[in-house]
Amino acid sequence: MEIKITKAQNKTTLPEESTLGFGKVFTDHMFIMDYEMGKGWHNARIVPFGYLSIHPASTVLHYGSEIFEGLKAYRTESGEIRLFRPMENIRRMNASADRMCLPKIDENDFLEALTTFVELEKDFVPHSFGTSLYLRPYMFGNDETLGVHTVHKATFMIIASPSGSYYAEGINPVKILIESEDVRAVKGGTGAVKCGGNYAASNRAGEKAAQKGYSQVLWLDGVHRKYIEEVGAMNVMFKINGEIVTPELTGSILPGITRKSCIEVLKKMGYKVSERLISVDELIEALKTGKLEEAWGCGTAAVVSPIGRFYYNDVEYDVNNGQIGEVTQKLYDTLTGIQWGKLSDDFGWIYKIC
Ligand code: PLP
Ligand code: COI
């Protein structure tokens with residue numbers, strides 16, 4: 001694939017690494033590629049970061065035709081720049097495209113776009129452990145008509161944001177509200193893919209949680225309002241009475257790459273991990289009887305994030321006295337150790353850029 005590069009005139013100055021937060025500042029460039037039915041993907045280019053000009057009738061503005069991914073570029077102590085399991089993101093994006101009737105992208109072209117872009121922006125990959133260059137590939141339908149149909153035109157982009165912790169709490173335990181009114185997804189819907197609409201529909205519950213001082217929402221299944229699904233931006237895992245459990249992929253949960261990696265790491269450590277249905281009643285009972293030993297969320301942005309408190313039906317429940325648990329800490333250390341190059345990559349997950 002030919003990628004035309006137009007260099008930016010000015011260089012963005014980054015804030016102090018310890019104050020980065022998540023997704024607030026961006027690099028100097030962005031990757032763009034256009035799609036037109038009959039012509040396919042074309043005009044791959046990297047241009048200075050800036051505003052887009054799109055038609056007021058553009059599909060994405062009216063019918064929410066949008067999908068995205070999230071992955072990170074890490075800098076090791078020796079200065080190597082690397083990605084974590086990028087083919088997983090590429091394949092999931094194509095699965096999202098399939099569900100949302102958006103055009104797929106050739107896997108090699110996608111990887112080339114990512115590597116060329118990251119190499120150009122490598123100075124923006126922050127240096128401190130725990131910080132990274134968050135990469136956001138996304139695609140939107142861009143027809144210039146109001147009819148509701150499969151798109152004929154689309155745009156694929158990648159932007160990048162030097163980032164620190166997703167949660168203000170960092171590695172300290174977060175507080176999660178179990179939502180019993182709104183639902184995020186149902187089987188057959190779009191819960192298993194990464195489309196913007198899933199997040200737009202989550203905002204009301206998220207706002208309610210924030211007003212009560214909770215970081216995010218834990219969703220229950222949309223049919224019975226009974227089974228635990230996932231958190232707003234991460235999958236969820238529990239240690240209940242010695243057993244590590246995580247909700248099975250029922251078709252309404254995002255198949256997280258961090259979830260998949262955590263399961264593999266835990267199994268290698270010798271833990272048994274059960275992917276099964278977990279009812280909210282089972283969780284509350286385990287909280288009440290002290291059998292819930294640990295709870296944590298996992299995701300690219302959130303990494304491995306301990307959960308220190310749940311709120312459900314007006315009652316607050318502490319997990320492990322609000323402290324990070326032993327398995328959560330081991331998982332965090334192992335995963336981040338592999339990502340930032342402190343531990344050897346025995347799984348073959350690291351993709352070196354430069
Ligand atoms: N679930 C939701 C709803 C998410 O937004 C994310 C973040 O991407 C995840 C789970 C975790 O997925 P991954 O580990 O692939 O980042
Ligand atoms: C990620 O972890 O990459 C995500 O996409 C979560 C995001 C919604 C902030």
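All of these numbers come straight from a predicted model, not from anything done at the bench. Both counts, for ligands and for their atoms, begin at 1 and track the order of listing.
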Using a strict cut-off of 4.0 Å, indicate which atoms of ligand 2 neighbour a heavy atom of [X].
X	result
Lys194	4 (C), 5 (O)
Phe68	5 (O)
Tyr134	1 (C), 3 (O), 4 (C), 5 (O)

Quick one: is the NZ or CZ of [X] closer than 6.0 Å to the six-membered ring centre of [Y], and within 45° of its axis?
X	Y	answer
Lys72	Tyr134	no
Lys268	Phe347	yes
Lys342	Phe129	yes

Is the shortest distance from a Lys or Arg side-chain nitrogen in [X] or [Y] to a carboxylate oxygen in the other one below 4.0 Å?
X	Y	result
Lys226	Asp281	no
Asp182	Arg204	yes
Glu179	Arg225	no
Glu80	Arg75	no
Glu69	Arg136	no
Glu230	Arg259	no

Next on the checklist: Are Phe84 and Tyr351, when compared by the centres of their aromatic rings, separated by less than 6.0 Å?
Outcome noted: no
Item to check | Contact check, Arg184 vs ligand 1, heavy-atom distance below 4.0 Å | outcome: yes
Checklist entry - Going by heavy atoms, is Pro255 under 4.0 Å from ligand 1? => result no
Closest protein heavy atom (residue, atom, distance) for [atom]:
atom	value
atom 16 (O) of ligand 1	Thr300 OG1, 2.6 Å
atom 5 (O) of ligand 1	Tyr199 OH, 2.6 Å
atom 14 (O) of ligand 1	Thr258 OG1, 2.5 Å
atom 6 (C) of ligand 2	Ala233 CB, 3.8 Å
atom 8 (O) of ligand 1	Lys194 NZ, 2.7 Å
atom 12 (O) of ligand 1	Gly256 CA, 3.4 Å
atom 6 (C) of ligand 1	Ala233 O, 3.4 Å

Checklist outcome for this item: Min over Arg92, Glu69, Lys72 of heavy-atom distance to atom 15 (O) of ligand 1 lands on Arg92
Could you tell me whether some N/O pair between [X] and ligand 2 is separated by less than 3.5 angstrom?
X	answer
Ala301	yes
Tyr166	no
Tyr199	no

Checklist entry - Closer than 4.0 angstrom: is that true for some heavy atom of Arg136 and an atom of ligand 2? => result yes
Next on the checklist: Does any N or O of ligand 1 fall below 3.5 Å from an N or O anywhere on Leu254, backbone included?
Outcome noted: no
Checklist outcome for this item: Quick look: Glu230 vs ligand 1, heavy-atom contacts under 4.0 Å, and the answer is side chain
